[in-house]
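Keep in mind that what you see is a predicted model, and the values were worked out from it rather than measured.
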Amino acid sequence: MKMGGKQAGAPPIDLYEMERLCRQEGFQAVCGVDEAGRGPLAGPVCAAAVILNPEDPIFGLNDSKKLSPKRREQLFDEICARALAFSVGWADQEEIDRANILQATFLAMGRAAAGLRLQPDLLLVDGNRNPSISGAPNRCVVKGDGKCAAIAAASILAKVSRDRLMETLAVQYPGYGFEIHKGYGTQAHRQAILEKGPCPIHRKTFLKKLWAAQKEGK
């Protein structure tokens, strides 16, 4: 069955349907896994793992990128209060530079899953690349943060957790605007790097194109 986007006039997607189908297969502790921060020039990548309570659905879940910052914060608190289990994992800029962003993301996902207080028996992972997290079967769900409640919840926890960290790091490393762009490569951020040089939380491998463009005078 084609897992495309919602067609015009189609009913809204039931984000809990995928988990219900998984439980019909015999899986009970269905865990959603997602990440935030693969693209920025600075800071860690963050992943979250969430097992929702099927008897206590949280309404309003969605892909974190489609929610306002205020709504993400509200849902963050709801998820933490009502989920059966949740955990956040990180991979820092040194791990990103040492391996690559994909492998660092998998590392953060594995750490998030390992931190759960309940053992999941199925992991639904956003995207099309299997992180091979140990302990339970892994299933990839393309654009899962808009199709599956547990993955949507994980996307919200990861996004809010990372944004909060970048706001804290903005105080430690002033002048780069981390509190505004959260490390992403905005024009203002790139200009600050060129003027001030990188700080310890910048991903060196992500700055190669910036240095190359500067050398060419672009």
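When atom types are taken as modelled, the side chain of Arg38 and the backbone of Leu102 share no donor-acceptor pair closer than 3.5 angstrom. The main-chain N or O of Asp92 is found under 3.5 Å from a side-chain atom of Glu95 such that the two form a donor-acceptor pair. With hydrogens and angles disregarded, a donor-acceptor distance shorter than 3.5 Å links the side chain of Arg190 to the backbone of Gly185. A donor-acceptor contact shorter than 3.5 Å is absent between the side chain of Lys204 and the backbone of Gln93. Within the 3.5 Å criterion, the main-chain N or O of Gly32 finds no donor-acceptor partner in the side chain of Glu19. Counting only distance, with no hydrogens or angles, the side chain of Arg203 and the backbone of Pro40 share a donor-acceptor pair below 3.5 Å.
In this structure, Pro54 and Arg20 have side chains that are not in contact, with every pair of non-hydrogen atoms separated by 4.5 Å or more. Inter-residue side-chain proximity for Lys143 and Asp63 is flagged as unmet; no heavy-atom pair is nearer than 4.5 Å. Side-chain atoms of Arg72 and Asp163, non-hydrogen and from C-beta on, do get closer than 4.5 Å to each other. In this structure the side chain of Thr168 never reaches within 4.5 angstrom of the side chain of Arg164, judged on heavy atoms. Here the side chains of Arg139 and Cys22 are in contact, with some heavy-atom distance below 4.5 Å. Contact check for Phe76 versus Ser161: side-chain heavy atoms found under the 4.5 Å cut-off. Side-chain contact between Trp211 and Ile193 is present, with at least one heavy-atom pair separated by less than 4.5 Å. Taking 4.5 Å as the limit, some side-chain heavy atom of Gln172 sits within range of a side-chain heavy atom of Leu169.
Annotation: the span from Leu41 atom CG to Tyr184 atom OH amounts to 10.5 Å, rounded to 0.5 Å. Atoms CD1 and CD, on Ile58 and Glu78 in that order, are 6.0 Å from each other to the nearest 0.5 Å. To the nearest 0.5 Å, atom CG of residue Leu21 and atom CZ of residue Phe27 are 12.0 Å apart. The distance from the SG atom of Cys46 to the CE atom of Met109 is 10.5 Å, given to the nearest 0.5 Å. Here the OG-CD1 distance, from Ser87 to Ile51, works out to 10.0 Å after rounding to the nearest 0.5 Å. Note that NE2 of His202 and OH of Tyr173 are 10.5 Å apart. Values are rounded to the nearest 0.5 Å.
Cluster membership for Trp90 and Val160, using ILVMFWY side-chain heavy atoms within less than 4.5 angstrom, is not shared. Note: the hydrophobic cluster containing Leu165 also contains Val88 (ILVMFWY, side chain heavy atoms under 4.5 Å, direct or indirect links). With hydrophobic clusters built from ILVMFWY side chains whose heavy atoms lie under 4.5 angstrom apart, Phe206 shares a cluster with Leu210. There is no path of hydrophobic side-chain contacts, each under 4.5 Å, that joins Leu116 to Val30. When the side chains of ILVMFWY residues are joined at heavy-atom separations under 4.5 Å, either directly or via intervening members, Leu15 and Leu157 end up in a single hydrophobic cluster.
Here the shortest heavy-atom pairing between Ala150 and Cys31 reads CB-C, 4.4 Å. Nearest heavy atom pair, residue Leu122 against residue Ala136, reads N-CB, 3.9 Å. The two residues Ala108 and Val45 make their nearest non-hydrogen contact at CB-O, 4.1 Å. In this structure, Asn62 and Leu67 approach most closely via the heavy-atom pair O-CD1, 3.9 Å. Taking each heavy atom of Tyr176 and Gly197 in turn, the nearest pair found is OH-O, 2.5 Å. Considering all non-hydrogen atoms of both residues, Cys140 and Gly127 come closest at CB-O, 3.2 Å.
For Asp34 and Lys159, the salt-bridge test fails: no basic side-chain N is under 4.0 Å from an acidic carboxylate O. The residues Arg129 and Glu35 are annotated as not salt-bridged, no charged nitrogen and carboxylate oxygen being separated by less than 4.0 angstrom.
Ring geometry for His181 against His189 counts as parallel: the plane angle stays under 30°, on a 0 to 90° scale with 60° as the upper cut.
With sequence neighbours left out, Ile180 forms a side chain to side chain contact (heavy atoms under 4.5 Å, CB included) with no residue at all.
Hydrophobic cluster of Leu107: no remaining members, since no ILVMFWY side chain lies below 4.5 Å from it.
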Please step through side-chain contact (heavy atoms from CB on, under 4.5 Å) for the pair Asp121 and Gln28, ending with a clear verdict. CA-CA 7 Å; Asp121 52 17; Gln28 296 303 313; 3.9 Å; yes
Stepwise side-chain contact (heavy atoms from CB on, under 4.5 Å) check, Leu75 with Leu61 = CA-CA 7 Å; Leu75 286 168; Leu61 294 174; 4.2 Å; yes
Inset, instruction - Tell me, with the steps shown, if Lys65 and Asp145 meet side-chain contact (heavy atoms from CB on, under 4.5 Å). - result: CA-CA 9 Å; Lys65 297 183 292 297; Asp145 45 12; 3.5 Å; yes
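Judged purely by distance below 3.5 Å, without hydrogens or angles, the side chains of Gln74 and Arg71 pair a donor atom with an acceptor atom.
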